[in-house]
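Here's the structure we're looking at; comments come further down.
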Amino acid sequence: MAVNTSADAPLPVGQVSRLIGGWIDRLGAVWVEGQITQLSRRPGAGVVFLTLRDPSHDISVGVTCYRQVFDAVADVVGEGARVVVHAKPEWYAPRGQLSLRAVEIRPVGVGELLARLEQLKKSLAAEGLFALDRKKPLPFLPQLVGLVCGRASAAERDVLENARHRWPAVRFEVRNVAVQGVHAVPQVVQAVKELDALDEVDVIVVARGGGSVEDLLPFSDEQLVRAVAACRTPVVSAIGHEPDNPLLDLVADLRASTPTDAAKKVVPDVGEELERVRMLRGRARRCVEGFVEREERGLAHALARPVLRDPHRMIDERADQVASLADRSRRCLRHLLDRADSELTHTHARVVALSPAATLQRGYAVLQRADGHVVRDPAEVAADEVLRARVAEGEFTVRADNAADTETTDRTETAGRTETAGNADS
């Protein structure tokens, strides 16, 4: 039940500790799974002390048991072993410490561990964490490689030496972590996240030199698998354990059988690349030379044809024909011009003969009134009207005289001449 307290009515520490102890005493016995991190078996002591830790979280709890309980499994259980403990929670009031009083300890067998891993594998595969379309390609030539491995381990030495032997200019960003035990999972996860956060890191290698199934359990931890799946940088798994692959191999973008194999897959070999360049250059040279030779043969074959061997021959053969055609066209054009000139001359003569000017040359005159109207009838002219007379060599003015005696006598002649001149002018 809840305890009512205030700043004016606080509870003593001892009472609070006793209350906590009472609450914990009401708890029943529980089965707990964890990994043994510390084990204390003092000679002659009847109680064994050990620390049980959650491998996936930074949480541990103390466990005590009688010697006869631990002696039953002492041959198969030690530090680092995974066990299942049947215990009852206890509260030690003087120190305010929680512990578990174990009445039975069972080691977790390899078969059971593998069954759990298989179940976790199926669950993660159903989420798509192992899908091939999630795999990111490795860069051809990484400038900076992130390496997660044990401190001064053979895996670190193999990766660094082999990578630098293949490509001396490659650089590494190394994170030394625990690769087994209770601290392995949080340290590896933290190292992977740190390297993934660096923009200059092109690829991350997680390496270990192999080991037993129990030693490799941290690399099948769900927390590590999800951390690698969330990385934006390609990750290479180089655990070096062929019979039983940890789940890290499935979620990584590339799996290497050993740390040495990882170095070979991450960086190219400078000697092999130089040899490949040399081969490609030779192949390109042979292709160019073959192309040039084929074109030279084609050109020689074309030049061997008669039309190209003596290119002026066709021109010489056609020169006389062209000259004959040119002379013929020249004669035809001259004939056409002569005929056109003759026709033009005759047409000009007819035009001149029919022109008003020729009529005037024969002595005729054209009389026009002041408004330019040609006079065709004496009746159209008023007495003393000034007219303009046009002759072959020019024109002059005349005055009309309409005397009765002259009008009758000259009407016929004047009318005839006037009509002729008027028709010629029009």
Side-chain angles (χ1 to χ4, degrees), residues 287-426:
C287 290
V288 173
E289 290 175 351
F291 175 78
V292 173
E293 290 176 357
R294 288 194 302 272
E295 296 301 318
E296 287 180 346
R297 289 194 298 270
L299 181 60
H301 179 71
L303 292 176
R305 299 178 61 184
V307 66
L308 293 179
R309 187 171 55 247
D310 187 9
H312 298 283
R313 177 180 178 182
M314 183 181 295
I315 298 176
D316 295 339
E317 292 177 353
R318 301 296 182 180
D320 294 340
Q321 183 178 358
V322 170
S324 176
L325 292 174
D327 183 63
R328 179 180 176 183
S329 62
R330 192 177 296 108
R331 290 195 305 271
C332 290
L333 180 59
R334 186 179 299 110
H335 175 70
L336 292 175
L337 291 177
D338 292 342
R339 187 171 62 182
D341 181 67
S342 177
E343 292 178 356
L344 181 60
T345 302
H346 289 89
T347 302
H348 180 266
R350 289 195 299 270
V351 169
V352 170
L354 297 176
S355 67
T359 303
L360 296 179
Q361 287 290 342
R362 292 197 298 270
Y364 290 89
V366 178
L367 294 179
Q368 294 177 318
R369 302 180 65 181
D371 57 0
H373 182 71
V374 177
V375 178
R376 292 181 172 82
D377 190 354
E380 297 177 357
V381 180
D384 296 331
E385 182 180 355
V386 178
L387 302 175
R388 183 164 58 91
R390 181 179 177 185
V391 295
E393 301 300 330
E395 61 183 25
F396 53 88
T397 59
V398 296
R399 186 179 301 277
D401 184 9
N402 290 349
D405 54 350
T406 59
E407 179 178 353
T408 302
T409 306
D410 300 330
R411 180 178 298 271
T412 302
E413 182 178 356
T414 303
R417 293 184 179 181
T418 301
E419 182 180 358
T420 303
N423 291 336
D425 183 61
S426 60

In sequence, state the C-alpha distance, the side-chain angles, and the governing distance for V374 and L367, and then conclude on side-chain contact (heavy atoms from CB on, under 4.5 Å).
CA-CA 6 Å; V374 177; L367 294 179; over 6 Å; no
Enter the distance from R305:CZ to L303:CG here, rounded to the nearest 0.5 Å.
10.5 Å
For V375 and R369, run side-chain contact (heavy atoms from CB on, under 4.5 Å): C-alpha distance rounded to whole Å, both residues' side-chain angles, the deciding distance at 0.1 Å, then the answer.
CA-CA 7 Å; V375 178; R369 302 180 65 181; 3.6 Å; yes
Within the side chain of R399, is there an N or O that forms a donor-acceptor pair under 3.5 Å with the backbone of E385?
no
Could you pull out the closest heavy-atom pair between R390 and E395, with the gap in Å?
CA-CB, 3.9 Å
Any donor-acceptor N/O pair, S342 side chain to R339 backbone, under 3.5 Å
no
Full working for side-chain contact (heavy atoms from CB on, under 4.5 Å) between V391 and F396
CA-CA 8 Å; V391 295; F396 53 88; 3.9 Å; yes
Do you know the tightest heavy-atom contact between A382 and A400?
O-CB, 3.6 Å
Run the side chain to side chain donor-acceptor pair (under 3.5 Å) test against E296 and tell me which residues pass, sequence neighbours left out.
none
To the nearest 0.5 Å, how far apart are CZ in R328 and CG in L333?
13.5 Å
Whether the side chain of S324 engages the backbone of D320 through a donor-acceptor N/O pair (distance < 3.5 Å, no angle test) should be reported.
no
Are V381 and L387 close enough that some pair of their side-chain heavy atoms sits under 4.5 Å apart?
yes
When you look at D341 and L337, which way does the side-chain contact (heavy atoms from CB on, under 4.5 Å) test go after all the steps?
CA-CA 6 Å; D341 181 67; L337 291 177; over 6 Å; no
Sorted by chain and number, sequence neighbours left out, salt bridge (Lys or Arg N to Asp or Glu O under 4.0 Å) with R330 holds for D327
How far does CZ of R334 sit from CG of D338, to the nearest 0.5 angstrom?
7.5 Å
